[in-house]
Amino acid sequence: MTLISRLTPLAAALLLAACATTSQPAPDEAPAAPLSPPAAQAVASITAEPTPPAVPARAMAAQLLEDNLRPGEKIDLDNPDVNADLWARVRKGFQLQDLDDDWVRKAEAWYSARPDYVERMTTRGSRYLFHIMEEVEKRGMPAELALLPFIESAFVTHAVSTAKATGMWQFMPATGRDFDLKQNIFRDDRRDVLASTRAALDYLGRLYKQFGDWHLALAAYNWGPGNVQKAVARNQKLGLPTDYASLKIPDETRYYVPKLQAVKNIVFAPDRYALTLPVVANHPYFLSVKIERDIDVSLAAQLAGISLETFQQFNPQMNKPVILAAATPQVLLPYDQASAFAENLARHSGPMASWTAWVVPKTMSPGEAAKRAGTSEALLRDINRIPPKMLVKAGSTLLVPRGEHVHADVSERLADSASLNLAPDAPPLRRVSLRAGKADTVAVIAARYKVKAEQVAQWNKIGANGRFKPGQAIVVYTATAPAKAPVARNTTPAKSVRVAAAKPQPKAKVAGKGRTVVAAATP
């Protein structure tokens with residue numbers, strides 16, 4: 001059943017105010033005080049407005065369908081362009097000078113030999129391609145750039161590279177922050193479909209302005225602008241051409257633009273490679289629906305009538321099982337599901353968010369934090385990804401069950417700046433200074449103080465298999481008292497040495513045969 005046939009006046013009233021918005025609510029501050037035992041109750045239910053007079057479904061749909069990237073501009077459902085094949089629009093926008101070399105042939109052969117992979121990749125891409133093309137055309141950029149996620153991630157919105165590049169456009173953490181892609185415990189905008197597309201095209205536009213050549217801009221997107229600039233300067237100094245094909249660059253970058261060229265060639269003439277492309281209509285695949293209160297991800301998926309996995313495909317930026325309205329004022333949903341979501345949300349009378357944020361007032365163990373939050377330590381560790389033997393430092397933000405007394409949603413300030421800082425849950429180390437006896441080696445000292453020989457060697461700038469000279473000063477950092485030194489016959493006790501700490505510290509004498517040890521707390 002299509003959106004046009006399913007829409008009700010109530011859904012229209014809700015979606016008309018919901019689609020393609022960028023405004024953000026200003027909920028009250030999240031609690032910073034100790035939390036009481038949780039109860040799965042949150043905010044008051046939403047009461048629907050009285051049903052407006054009936055409006056013909058098609059006219060209503062024409063009002064509702066808005067392009068997320070062009071707010072306010074309605075889609076004309078009778079426009080023949082709406083049902084045109086989007087691939088034709090992509091082909092029409094090609095502008096880059098073609099490459100034709102062995103690298104391109106290699107990439108074409110690779111894709112041609114994997115029709116199942118190409119089908120999966122293009123089917124995923126069909127969900128997002130219209131919106132990317134809208135952004136590309138709005139900026140007057142070549143349509144080839146809309147195909148770049150095929151190369152970067154195969155349109156897998158959760159893709160993470162070995163170098164920690166993330167999302168459909170594969171942003172590194174620092175580059176993402178440069179382009180205002182928020183990355184905190186609640187969300188990672190490098191995975192956000194619209195935000196990452198905006199940032200990627202902003203970045204590519206900056207690179208094109210720097211190099212004046214799209215092939216060099218693409219190389220810089222892959223290899224880094226500093227590296228490309230050095231390669232260009234090297235060729236200039238040698239009197240060589242500075243185009244993409246002439247630069248000395250790594251094989252990964254050498255293969256990067258040819259792969260894009262191969263995808264372009266396949267899109268232009270798939271039959272030539274015995275491949276097929278899914279039909280992609282020339283209108284938005286999804287709508288944005290306004291979120292005004294914090295809501296569990298699972299509940300949002302349920303209200304939309306889709307699986308959790310499908311919901312996450314359209315909203316992959318969420319790191320936690322709750323959507324914070326202050327940081328994520330809209331969710332993306334396919335047409336029909338956007339309509340169902342609005343209707344079901346209006347009828348929903350139960351709790352919406354069973355989680356909230358809590359700022360830890362002091363450094364404490366996860367067990368203590370769980371007790372304060374009224375939940376189990378296992379659940380608190382799991383939902384906040386706290387590894388064993390770690391303390392939660394003061395000022396950290398934890399996701400905790402939302403108690404029945406908590407009525408305010410998480411604030412915009414906390415939603416944007418939340419961080420989790422951990423410290424080892426171990427006793428403080430003491431700095432131990434001593435003089436070596438005749439038989440002391442790195443291994444002997446390490447065994448005596450229950451530390452690693454490599455650590456003793458590093459502290460004392462000596463080889464891991466080294467031997468100390470009698471009377472040589474030794475430094476050890478340890479949390480435990482040393483094992484009792486063995487009794488040595490016919491030896492002269494070494495003189496004790498007292499090593500001053502940076503600040504006066506309580507000192508404890510540790511007896512060992514033939515030596516006196518002075519211990520001080522680590523500065």
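Treat the numbers as computed from the prediction; the structure is a model and nothing was measured.
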- Begin from the C-alpha positions of D409 and R402 and carry the test salt bridge (charged side-chain N to carboxylate O under 4.0 Å, His left out) through to its verdict. CA-CA 10 Å; D409 290 334; R402 185 164 172 162; 3.2 Å; yes
- Note on the structure: Note: M172 and A163 closest approach over all heavy atoms is CE-O, 3.1 Å
- Query: Any chance the side chains of R191 and N319 put a donor and an acceptor closer than 3.5 Å?
  - Reply: yes
- Item | Exam field: side chain S161 to backbone A165, donor-acceptor pair closer than 3.5 Å | yes
- Query: Between Y449 and Q455, is a side-chain hydrogen bond (donor to acceptor under 3.5 Å, both in side chains) present by the stated rule, with each step listed?
  - Reply: CA-CA 11 Å; Y449 287 90; Q455 292 175 308; over 6 Å; no
- Query: Can a donor-acceptor pair be found between the side chains of Y244 and Q97 at a distance below 3.5 Å?
  - Reply: no
- Item | D202/R139 salt bridge by N-O under 4.0 Å criterion | yes
- Message: I need the minimum non-hydrogen distance between P401 and W355, along with the two atoms involved.
- Response: N-CE3, 3.7 Å
- If you take all heavy atoms of N421 and S419, which pair is closest and at what distance? ND2-OG, 3.5 Å
- Message: For R430 and Y477: C-alpha separation, side-chain torsions, deciding distance, then whether side chain to side chain contact (heavy atoms under 4.5 Å, CB included) applies.
- Response: CA-CA 5 Å; R430 299 177 304 156; Y477 293 91; over 6 Å; no
- Evaluation steps, side-chain hydrogen bond (donor to acceptor under 3.5 Å, both in side chains), between S246 and D243: CA-CA 5 Å; S246 301; D243 59 292; 2.7 Å; yes
- Item | Minimum-distance pair of heavy atoms, taken over all atoms of L207 and Y221 | CD1-N, 3.6 Å
- Task: Go through the steps for F150 and T122 under the test side chain to side chain contact (heavy atoms under 4.5 Å, CB included), then give the verdict.
- Result: CA-CA 8 Å; F150 285 119; T122 51; 3.9 Å; yes
- Task: Please say whether more than 12 non-hydrogen atoms of neighbouring residues, nucleotides or ligands are located less than 6.0 Å from NZ in K393.
- Result: no
- For I445 against V476, the heavy-atom pair lying closest together: CG2-CG2, 3.6 Å
- Cationic tip of R198 within the cone over F179's six-membered ring, i.e. under 6.0 Å and within 45° of the normal? no
- Item | Residues R187 and D416 bridged, charged N to O under 4.0 Å | yes
- Determine, step by step, whether F311 and I323 satisfy the side chain to side chain contact (heavy atoms under 4.5 Å, CB included) criterion, reporting the C-alpha distance in whole Å, the side-chain angles of both residues, the deciding distance to 0.1 Å, and the verdict. CA-CA 12 Å; F311 184 88; I323 303 168; 3.8 Å; yes
- Query: Are the side chain of N384 and the backbone N or O of L399 linked by a donor-acceptor pair below 3.5 Å?
  - Reply: yes
- Query: Got a sec, which residues hit ring-ring contact (aromatic ring centres under 6.0 Å, His included) with F468, two or more places apart in sequence or on another chain?
  - Reply: none
- Message: Walk me through whether D296 and S354 qualify under side-chain hydrogen bond (donor to acceptor under 3.5 Å, both in side chains).
- Response: CA-CA 7 Å; D296 289 345; S354 54; 2.6 Å; yes
- Message: Looking at R105 and E108, is any side-chain nitrogen of the basic one under 4.0 Å from a carboxylate oxygen of the acidic one?
- Response: yes
- Task: List for me each residue that meets ring-ring contact (aromatic ring centres under 6.0 Å, His included) alongside Y128, sequence neighbours excluded, and say none if there are none.
- Result: none
- Task: Measure from the side-chain N and O atoms of E152 to the backbone N and O of P149, and report whether any donor-acceptor pair falls under 3.5 Å.
- Result: no
What pairs of donor and acceptor atoms, side-chain ones from residues 457-466 against any protein atom, are under 3.5 angstrom apart with sequence neighbours left out?
residue: N460; atom: OD1; partner: V475; partner atom: N; Å: 2.8
residue: N460; atom: ND2; partner: V456; partner atom: O; Å: 2.9
residue: N460; atom: ND2; partner: V475; partner atom: O; Å: 2.9

- Task: Indicate yes or no: at least one non-hydrogen side-chain atom of L148 is less than 4.5 angstrom from one of L204.
- Result: yes
- For R372 and M364, which heavy atoms make the closest approach, and how far apart are they? NH1-CE, 3.7 Å
- Task: Answer with yes or no whether the side chains of N222 and T253 bring together a donor and an acceptor at under 3.5 Å.
- Result: yes
- Query: Side chains of R431 and S433: is there a donor and an acceptor less than 3.5 Å apart?
  - Reply: yes
- Aromatic centroids of W110 and Y255 separated by under 6.0 Å: no
- Task: Check for a donor-acceptor pair, side chain of S153 on one end and backbone N or O of M168 on the other, with a separation under 3.5 Å.
- Result: yes
- Between F314 and F286, how do the two ring planes meet: parallel, tilted or perpendicular, split at 30° and 60°? perpendicular
- Might you work through the side chain to side chain contact (heavy atoms under 4.5 Å, CB included) test for Q183 and R177, ending with a clear yes or no? CA-CA 8 Å; Q183 301 159 56; R177 286 190 289 270; 3.5 Å; yes
- Query: How far apart are the C-alpha atoms of D192 and K182, what are their side-chain angles, what is the distance that settles it, and do they pass the salt bridge (charged side-chain N to carboxylate O under 4.0 Å, His left out) test?
  - Reply: CA-CA 10 Å; D192 184 289; K182 296 287 185 182; over 6 Å; no
